[in-house]
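Here's the structure we're looking at; comments come further down.
Hydrogens, waters and symmetry mates are skipped; everything else that's a heavy atom, side chains included, is used. Residue numbers start at 1 and run along the sequence shown. Since this is a predicted model, take the numbers as computed values, not measurements. Start at 1 and go down the list; that is how both ligands and their atoms are numbered.
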Amino acid sequence: MPLAAADILTLTPQGLYCPLGDFHVDPMRPVPRALVTHGHSDHARAGHGSVLATDQTLAIMAVRYGEDFCRTRQVAPLHEPIRVGDVTVRFVPAGHVLGSAQIAIEAGGTRIVVSGDYKRQADPTCLPFEPVPCDVFITEATFGLPVFRHPDARGEVRKLLDSVRLFPERAHLVGAYSLGKAQRVMALLREEGFDAPIHLHGAMERLTAFYKEQGIPLGDTPRVVAAERGKMAGAVVLCPPSAMQDLWARKFPEPVACFASGWMRVRGRARQKGVELPLIVSDHSDWDDLQASILETGAGEVWVTHGQEDALVHWCGTVGIRAKPLHMLGYGDEGEAEASPEEAAAS
Ligand SMILES: [Zn+2]
Ligand SMILES: [Zn+2]
């Protein structure tokens, strides 16, 4: 008899816990041993005893929290089986942000995949998602409703460039999360042939420098000089979403407020945030891609961590897959519920 999934992973107040390996996955509070899927602050927190993650995720955590973010760290090379206690784990690309990985946990003939956050759209800044055949697939459902169907991100970036051409006397301020989304927007702008400097809010500088060190070509990305803001007509400026409402943003010439987020599919959200040019660019799977991914894993059971859990659980039932919501609080779009570490440090 294969081992029951519930014997491999259980839910604790700190998050998902594997008793056989004595570790947590993406714990929300400090724990002795953590396996971390990616660098977003709702998954990667400082203060653990040891952290096992991809080299890029470990490096991103060090950039964000300082070199002493944990006591000991171990690199998980992609695709390589690693023994942890009585289980074997394997990190496989998740296509979400640089370094992001799903974690496959295997014991007694049963395999559970914790996907973390993932997307299926092409992204020039990270490795694509790879479906891992498994018995239980653990997924988020941030955009798990039929209304969420993300358009091609390249088309959204073309909208931005059209607006830049149409309003050369104005500065375009693009709100984007400082890890992943910002660099993806920059890379897409370059792919569309935009070769002028892309100006950065200070909170985005270090992670962008790290992406460049990792070989992602983002071109010239100077930091905005506060005193020069009034002269930046025609410029494209990337900043954290929280900076859009700041006094900082108002010093630019007739700024066009743009926001790159999957939430921009909801017009009311864009209006409420004062966004003039919504850009639907998401680092999460939309409704169709959640379903496609679940089916590709061949999992007989699905656990849904957070987001629109009920809708996705219901859909699983309609295709004969057992599913349950985990109602995990504490996960969510970084920057939506709380400021990123960079923004917190800057304020
Ligand atoms: Zn994430
Ligand atoms: Zn997340």
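Here R190 does not pair with D195 in a salt bridge; the nearest charged N to carboxylate O distance is not below 4.0 Å. A salt bridge links R170 with E276: the distance from a Lys NZ or Arg NE/NH1/NH2 to an Asp or Glu carboxylate oxygen falls below 4.0 Å. A salt bridge links K119 and D283; the closest N-O separation between the charged side-chain nitrogens and carboxylate oxygens is under 4.0 Å. Ion pairing of R90 with E80 is absent here, as no side-chain N (NZ or NE/NH1/NH2) approaches a carboxylate O to less than 4.0 Å.
Contacts of Y118 classified as side chain to side chain donor-acceptor pair (under 3.5 Å), with partners at least two apart in sequence or in another chain: T139.
Excluding waters, the protein N/O/S atoms found under 2.8 Å from the Zn ion (ligand 1) are H38 NE2, H40 ND1, H96 NE2, D117 OD2.
Proximity of a side-chain donor or acceptor of D26 to a complementary backbone N or O of T37 within less than 3.5 Å is detected.
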